[in-house]
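Reviewing the structure listed below.
For this chain, numbers begin at 1 and follow the sequence in order.
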Amino acid sequence: MARMPSAERRRQLVEAAVRVMARDGVARTTTRSVCAEAGVSLSVFHYCFDSKQALLEAAIESITGGYVARVMSAVEPRATLRETVRGALGTYWEHVTDRPAEHMLTYELTQYALREEGFEHLARAQYEQYVASATALVEQVCAVRGVTPRVPVELLARVLAAAVDGLTLQYLVLGDKHAAAELLDLTTDQLVGLIEG
C-alpha cells in the first residue's frame, strides 16, 4: 500500500464509505466493508478516524459540501432574478436526477443518526449544514443580482432548505421528473417572491 498523507487517506475512506452506504445501506456498512472498498487495512481506518460516528460525520460533510460547491459555482447573474435562482436550483436538481442513490443516502443517514444512541447530533449537524448552505446560496444570488432581500436571509434559507428537502424526497419516492420540474419552478417563484417582497 502506497504511503499518502492522512488527509488524503481520510478523503479516500470517506469516498469509499459513501459508495458502500449508497450501495448497501448505512446499517449494513461496516468499517471493514469501507476498508475493503478503499483497498486499505483496518488499521488505516483507525489511524484516520476514531469511530464509525466520525466517519459518518465526515461523509455527511462531504456529500453536502459537494452539493454546495456545485450549486455555488453555478450562481451567475442572468437576465432576471428568477433565471438566476432557477439556474442555481437547476444545478442541484441535475445532481439529484443523475445520482439518486447518493441523495437517498442522505435521508438514510438522517434516520440512522436519529435512531442510534449517541449519533443524534449528526442529524442536527446535517440539517444545520443544509441551512448554512442555503444561506450561502441566497446571499450569493442576492449579491450577483445586486438585490437586498425583503425577508431575513436566515428565514429564506430555512424555507429554501425545507422546500428542496421535501422536493428531493418526493422525487426519490415518486420518480416523476415532470412533476418535480413543475415544483422546482414553483419553488423558484416562491423564493423570488420572498426576496423581492
Q. Do the side chains of Leu81 and Val141 get nearer than 4.5 Å, heavy atoms only?
A. yes
Q. Do the side chains of Phe119 and Ile63 join up, straight or via other hydrophobic residues, at under 4.5 Å, putting them in one cluster?
A. yes
Q) Quick one: does Val153's side chain get under 4.5 Å of Glu139's, heavy atoms only? A) yes
Q. Restricting to pairs with a member in residues 146-197, which pass ring-ring contact (aromatic ring centres under 6.0 Å, His included), not counting sequence neighbours?
A. Trp93-Tyr171
Q. Is there a donor-acceptor pair under 3.5 Å between the side chain of Thr64 and the backbone N or O of Glu61?
A. no
(Q) With rounding to the nearest 0.5 angstrom, report the NE2 to SG distance, His46 to Cys35. (A) 7.0 Å
Distance-only donor-acceptor pairs under 3.5 Å for side chains of residues 101-109, two or more places apart:
unit_1	atom_1	unit_2	atom_2	d
Glu102	OE1	Arg99	NH2	3.1
His103	ND1	Tyr67	OH	3.2
His103	NE2	His95	ND1	2.8
Thr106	OG1	His103	O	2.6
Tyr107	OH	Asp165	O	2.5
Tyr107	OH	Asp165	OD1	3.0
Tyr107	OH	Leu169	N	3.2
Glu108	OE2	Val26	N	2.7

Q. Are side-chain heavy atoms of Val14 and Phe49 found at a separation under 4.5 Å?
A. yes
Q. Which distance, rounded to the nearest 0.5 Å, do you find between the OH of Tyr130 and the OG1 of Thr135?
A. 14.5 Å
Q. Looking only at heavy atoms, which two atoms of Val44 and Leu13 are closest? And how far apart?
A. O-CD1, 4.3 Å
Q.
Quick check on the hydrophobic clustering: are Leu155 and Val164 connected, directly or via other members, by side-chain heavy-atom contacts under 4.5 Å?
A. yes
Q: Would you indicate whether Arg19, at its atom CZ, is surrounded by more than 12 heavy atoms from other residues, nucleotides or ligands within a distance under 6.0 Å?
A: yes
**Q.** Whether Arg145 side chain and Arg78 backbone form a donor-acceptor pair below 3.5 Å
**A.** yes
Q) So which of Ile195, Val159, Leu191, Leu156 actually passes side chain to side chain contact (heavy atoms under 4.5 Å, CB included) with Val151? A) Leu156
(Q) How close do Val144 and Pro77 get, counting heavy atoms only, and between which atoms? (A) O-CB, 3.7 Å
Q: Any chance you could measure Thr188, atom OG1, to Leu160, atom CG, to the nearest 0.5 Å?
A: 9.0 Å
Q: Report yes if some heavy atom in the side chain of Lys52 is under 4.5 Å from a heavy atom in the side chain of Val34; otherwise report no.
A: no
Q: Apply side-chain contact (heavy atoms from CB on, under 4.5 Å) to Thr30 and Val20, showing your working.
A: CA-CA 9 Å; Thr30 64; Val20 172; over 6 Å; no
Q: List the atom of Ala113, the atom of Ala123, and the distance in Å for their closest heavy-atom pair.
A: CB-N, 3.7 Å
Q.
Main chain of Thr29, side chain of Ser33: is a donor-acceptor contact present, judged purely on distance under 3.5 Å?
A. no
(Q) To the closest 0.5 Å, what do you measure between CZ (Arg9) and CZ (Phe45)? (A) 13.5 Å
Q.
Please tell me whether Val131 and Leu167 are part of a single hydrophobic cluster in this structure, the criterion being side-chain heavy atoms less than 4.5 Å apart.
A. no
Q.
If you count heavy atoms of other groups shown closer than 6.0 angstrom to CZ of Arg23, is the number above 12?
A. yes
Q. From Ser133 OG over to Glu128 CD, what is the distance, rounded to the nearest 0.5 angstrom?
A. 11.5 Å
Q.
How long is the straight-line distance from CZ of Arg150 back to CG of Leu194, given to the nearest 0.5 Å?
A. 12.5 Å
Q: May I have the step-by-step check of side-chain contact (heavy atoms from CB on, under 4.5 Å) for Val96 and Tyr92, ending in yes or no?
A: CA-CA 7 Å; Val96 171; Tyr92 166 80; 3.4 Å; yes
Q. Under the criterion side chain to side chain contact (heavy atoms under 4.5 Å, CB included), which of Asp189, Thr91, Leu184 is the partner of Arg86?
A. Leu184
Q: Report yes or no: does Gln53 contribute a side-chain atom to a donor-acceptor pair with the main-chain N or O of Gly118 at less than 3.5 Å?
A: yes
Q. Just wondering, are more than 12 heavy atoms of other shown residues or ligands nearer than 6.0 Å to CZ in Arg70?
A. yes
Q.
Are there over 12 heavy-atom neighbours, none belonging to Asp98, within less than 6.0 Å of that residue's CG?
A. yes
Q) Between the main-chain N or O of Ala58 and the side-chain N or O of Ser62, is there a donor-acceptor pair closer than 3.5 Å? A) no
